[in-house]
Amino acid sequence: MNDLAMHILDIVQNSISAGAKRIEISVIINLLKDLLSIIITDNGKGMSPESVKKVTDPYYTSRTTRKVGLGIPLLKQTAMQTGGDVTITSELGVGTTIQADFGYSNIDRPPLGDLANAYVLLMSANPEINMILNYIFNGETYSVCTEDIKEALDGVPVNDPAVTPLLNDMIQSNILELQSLDNN
Amino acid sequence: MNKIKSLDDLRKMKQNLSSDISIREKSNNPDKIVQIRVAMATCGIAAGAREVMNTMLEKIAKDSLPVVVTQGGCMGYCYAEPTVEVKVPGKDPVVFGHVDPKVALDIIDKYILKGELIDGILPVNYQSIQEKA
């Protein structure tokens, strides 16, 4: 995994497999605390306390096509290398929240990568799921969600290849604006 | 093209898009539209599935092709990631392995548009001769 956006793409697949109808992705950067957190909350089927304990084990997976499950272990490894960690809370029938904390200025922290692209790929590939993105940079928030985008597009499919580059630009420019606020 | 910044800008922009989109909307029927599924599990993403998906989306938008791209999970072909499954209407689905952005464009240009087979097809089914008959 070259960047954190790839981890997001990966971890959200777990929420999709869990049958979530609402997935909220929050990226929180706090330069004062030197912290970058990624929090993914879904309303999927949730996990039992036993499963929650096992998901960070690379040899645990719920799927049947292979015997290993590396998504969460890789995320945990990356987080721990930067002085952070991954915490998972889950309740059967309610949903799951996974939080990964990274030391922002740690040299082992991968770059965030193209967050806008990761969100747009996930949203357009799963238009039936309400996908929410919150980008919080030093307390300033930019949020976008599938439902609002659908309403703005008024019938034009959100997964149309002509639409996705526009969404990418829109989200990217808002993220960049929040980052530039800090420099002023 | 003007930069869009807000959902209002998006609302305004969508009028200019209608011609491209109508091509796909008219064929918004699973029996008529080509479906591409990029495997996006941990193995696929780590191997570069994101670049493959972005390349395909750009190409489809540029040429206004009647193709939809979605994401799939791991099919057990971790050794051959990134993998792409292509379902052309009326044909059995085909899974291509070791797809990079260049192969991704070949899949669209050669397999989807011209019907030529290209290297890198993985076995998807184990139908015997008897079953086929």
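Proteins come first, then strands; the chains are lettered A, B, ... in the order of their sequence lines, and each starts at number 1. For the numbers below, each heavy atom of this structure counts, side chains included, while hydrogens, waters and symmetry mates do not.
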- Query: Using a cut-off of under 4.5 Å for heavy-atom pairs, which of B:Ile45, B:Asp9, B:Leu57 has the most such pairs with chain A?
  - Reply: B:Ile45
- What residue, out of B:Val38, B:Asn54, B:Thr70, has the most heavy-atom pairs lying under 4.5 Å from chain A? B:Asn54
Residue, of [options], that accumulates the most heavy atom pairs under 4.5 Å with chain B:
options                               : result
A:Asp154, A:Ile16, A:Asn159, A:Asp114 : A:Asp154
A:Leu74, A:Leu70, A:Asn117, A:Asn2    : A:Asn117
A:Asn168, A:Asp148, A:Asn14           : A:Asp148

- Item | Polar contact flag, side-chain donor to acceptor under 3.5 angstrom, A:Ser26-A:Asn134 | yes
- Any chain of hydrophobic side-chain contacts (each under 4.5 Å) joining A:Val158 to A:Leu9? yes
- Residue that, paired with B:Ile121, satisfies side chain to side chain contact (heavy atoms under 4.5 Å, CB included) out of B:Val94, B:Val86, B:Val95: B:Val94
- Query: Do the rings of A:Tyr135 and A:Phe137 sit parallel, tilted or perpendicular, given the 30° and 60° boundaries?
  - Reply: parallel
Using 4.0 Å as the upper bound for N to carboxylate O, is an ion pair formed by [Y] and [X]?
X        : Y        : value
B:Lys110 : B:Glu116 : no
A:Arg22  : A:Glu24  : yes
A:Lys33  : A:Asp101 : no

- Query: Checking A:Asn126 against chain B: side chain, backbone, both or neither under 4.5 Å from a heavy atom?
  - Reply: side chain
- Between the OG1 atom in A:Thr97 and the CD1 atom in A:Ile88, the distance rounded to the nearest 0.5 Å is 10.5 Å
- Among residues 41-59 of chain A, those lying within the under-4.5 Å heavy-atom range of chain B are none
